[in-house]
Amino acid sequence: MPELPEVETIRKGIMPHVQNHKVQEVVIRQSKLRWPVSPELREEMTGQYITSVQRRGKYLLLGTAGGTLLVHLGMSGSLRILAHNQVPQKHDHIDIVLEGSKLLRYTDPRRFGCMLWLRGDIYSHELLRSLGPEPLGMDFSGAVLFQKSRLRKTPVKSFIMDSHVVVGVGNIYANEALFLAGINPRIAAGKIARQRYQTLVRCIKDILQQAIELGGTTLRDFTDSDGKPGYFKQALRVYGRAGLPCTSCHQKLKEIRLGQRSTVYCTRCQR
DNA sequence: ACTTCGACCTGTTGGC
DNA sequence: TGCCAACAGGTCGAAG
């Protein structure tokens, strides 16, 4: 579920429920996530006011005066706002219980996500320090991609999915952006011209922006049950459509694997 | 410095 | 219907 547009939608969805609210209790039912969840999370976050809800790439950052909760949803994680009396289910690992009537519940069947309590300057933390630019920010441009890609032999799809190059471009949107840009995903990143990177950057920004706007409408209410976004299903041009006709030229879409990830493209439209 | 690959998990799907 | 392998929206870190 979580690519950048989903994470941004979740951020906007939970913000009004958690910002300026006081943490009454932190319940850790399962501490074995990608990294162990430290008891310090409970010890130090309890009693704090959540002052900010930010996003960096696919990380969510809940700021307090005493530290920051860094959340990543991995492949299967989700966050929901629920009532205090909602009974936890099998994969409901952590609750941030707020004063009043609500709690923020972290659910993650595969447990590839993480919840880390950080103190001090969070941007100097290992996980955040060397991240590339935000794809929707001003400092993500064709010039940047072009410059970073010189001499790199890795396929352009793997390249744009590398968080040190640019954050937040996951498998779905990498496939979609390359289709829109008309670029074959297996071309070596270092062999792509500056001009084409400008096109690619425009496509990445467009597809992410569009997905955020759609996500915003279907996932507006975070007090609902699982808000599983069905929004992009219809908008997807290549992802999940291997063997089906290209929406542009009707050629059968091809599926290959790049970096162990499913890659779908049109051999006629993407060169 | 760059690339590849295993690892972390559970749930779902498709083939036999 | 059941069983088993393959695969799934991520990404770190080790090894080459």
Side-chain angles (χ1 to χ4, degrees), chain A residues 1-11 29-37 55-60 70-79 89-94 106-116 125-132 135 145 147-178 185-191 204 207-208 210-212 214-215 218-219 226-243 255-264:
Chain A
M1 146 150 160
E3 286 229 27
L4 184 142
E6 287 87 331
V7 177
E8 178 60 16
T9 303
I10 287 164
R11 188 189 70 81
R29 293 182 204 86
Q30 169 62 274
S31 61
K32 290 180 187 170
L33 303 185
R34 193 181 208 292
W35 293 287
V37 181
R55 179 186 61 73
R56 177 73 176 101
K58 294 176 191 167
Y59 292 103
L60 280 171
L70 177 147
V71 183
H72 196 292
L73 300 173
M75 295 268 259
S76 57
S78 60
L79 284 172
Q89 307 295 304
K90 191 172 178 187
H91 299 296
D92 294 344
H93 306 314
I94 295 174
Y106 173 81
T107 306
D108 187 1
R110 292 180 74 179
R111 289 191 265 134
F112 285 179
C114 66
M115 275 221 171
L116 298 177
H125 188 274
E126 282 290 297
L127 293 171
L128 301 179
R129 193 173 41 190
S130 57
L131 292 178
L145 270 197
Q147 185 260 322
K148 283 194 184 184
S149 64
R150 292 309 89 184
L151 303 178
R152 294 203 49 177
K153 292 175 189 164
T154 199
V156 61
K157 175 167 177 264
S158 309
F159 179 67
I160 59 171
M161 289 178 69
D162 180 347
S163 64
H164 302 293
V165 173
V166 56
V167 298
V169 182
N171 197 37
I172 293 178
Y173 296 111
N175 278 296
E176 295 300 309
L178 287 163
R186 59 200 311 171
I187 297 180
K191 297 185 84 171
I204 290 171
I207 195 83
L208 292 178
Q210 198 186 321
I212 288 171
L214 290 173
T218 51
L219 277 181
D226 206 309
K228 196 175 183 182
Y231 62 81
F232 46 68
K233 274 284 164 131
Q234 51 191 333
L236 294 179
R237 306 277 231 299
V238 285
Y239 182 82
R241 296 195 65 246
E255 177 163 28
I256 59 171
R257 296 195 79 76
L258 287 180
Q260 302 130 266
R261 309 305 297 277
S262 163
T263 304
V264 185

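These numbers come from a predicted model, not from an experiment. Order of the sequence lines sets the chain letters (A, B, ...), proteins ahead of strands, with each chain counted from 1.
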Is any side-chain heavy atom of A:Tyr59 less than 4.5 Å from a side-chain heavy atom of A:Val167?
no

Only stems of 3 or more consecutive Watson-Crick or G-U pairs count here, both distances under 3.5 Å; name the ones for DNA chain B, or none.
B:2-8 with C:10-16, B:10-16 with C:2-8

Under 4.0 Å, counting only non-hydrogen atoms across every strand here, what does A:Lys58 touch: a base, just sugar-phosphate, or nothing?
sugar-phosphate

So, does the side chain of A:Arg110 form a donor-acceptor pair with the base of B:dC9 at under 3.5 Å?
yes

So, does A:Tyr239 get its side chain near the phosphate of C:dG9, meaning an N or O under 4.0 Å from OP1 or OP2?
yes

When you measure from the side-chain N and O atoms of A:His72 to the phosphate of C:dG10, is any distance below 4.0 Å, counting only OP1 and OP2?
no

Nucleotide N/O to protein N/O under 3.5 Å, stretch nucleotides 3-7 of chain B:
from, atom 1, to, atom 2, distance (Å)
B:dT3, OP1, A:Lys153, N, 3.0
B:dT3, OP1, A:Thr154, N, 2.8
B:dT3, OP2, A:Arg152, NE, 3.0
B:dT3, OP2, A:Arg152, NH2, 2.4

Quick one: is C:dG9 close enough that its OP1 or OP2 comes under 4.0 Å of any side-chain N or O from A:Arg261?
yes

Counting the atoms with a prime plus P, OP1 and OP2 as sugar-phosphate, which does A:Tyr59 contact under 4.0 Å by heavy atoms, base, sugar-phosphate, or nothing?
sugar-phosphate

Side chain to side chain, A:Leu60 and A:Leu79, heavy atoms closer than 4.5 Å:
yes

For atom P, what is the distance between B:dC9 and C:dC4, given to the nearest Å?
22 Å

Tell me whether the OP1 or OP2 atom of B:dG11 has a side-chain N or O from A:His91 closer than 4.0 Å.
yes

Surrounding CZ of A:Arg241 (heavy atoms of other residues, nucleotides or ligands, distance under 6.0 Å), is the total greater than 12?
yes

Does B:dG11 have OP1 or OP2 sitting under 4.0 Å from an N or O in the side chain of A:Lys90?
yes

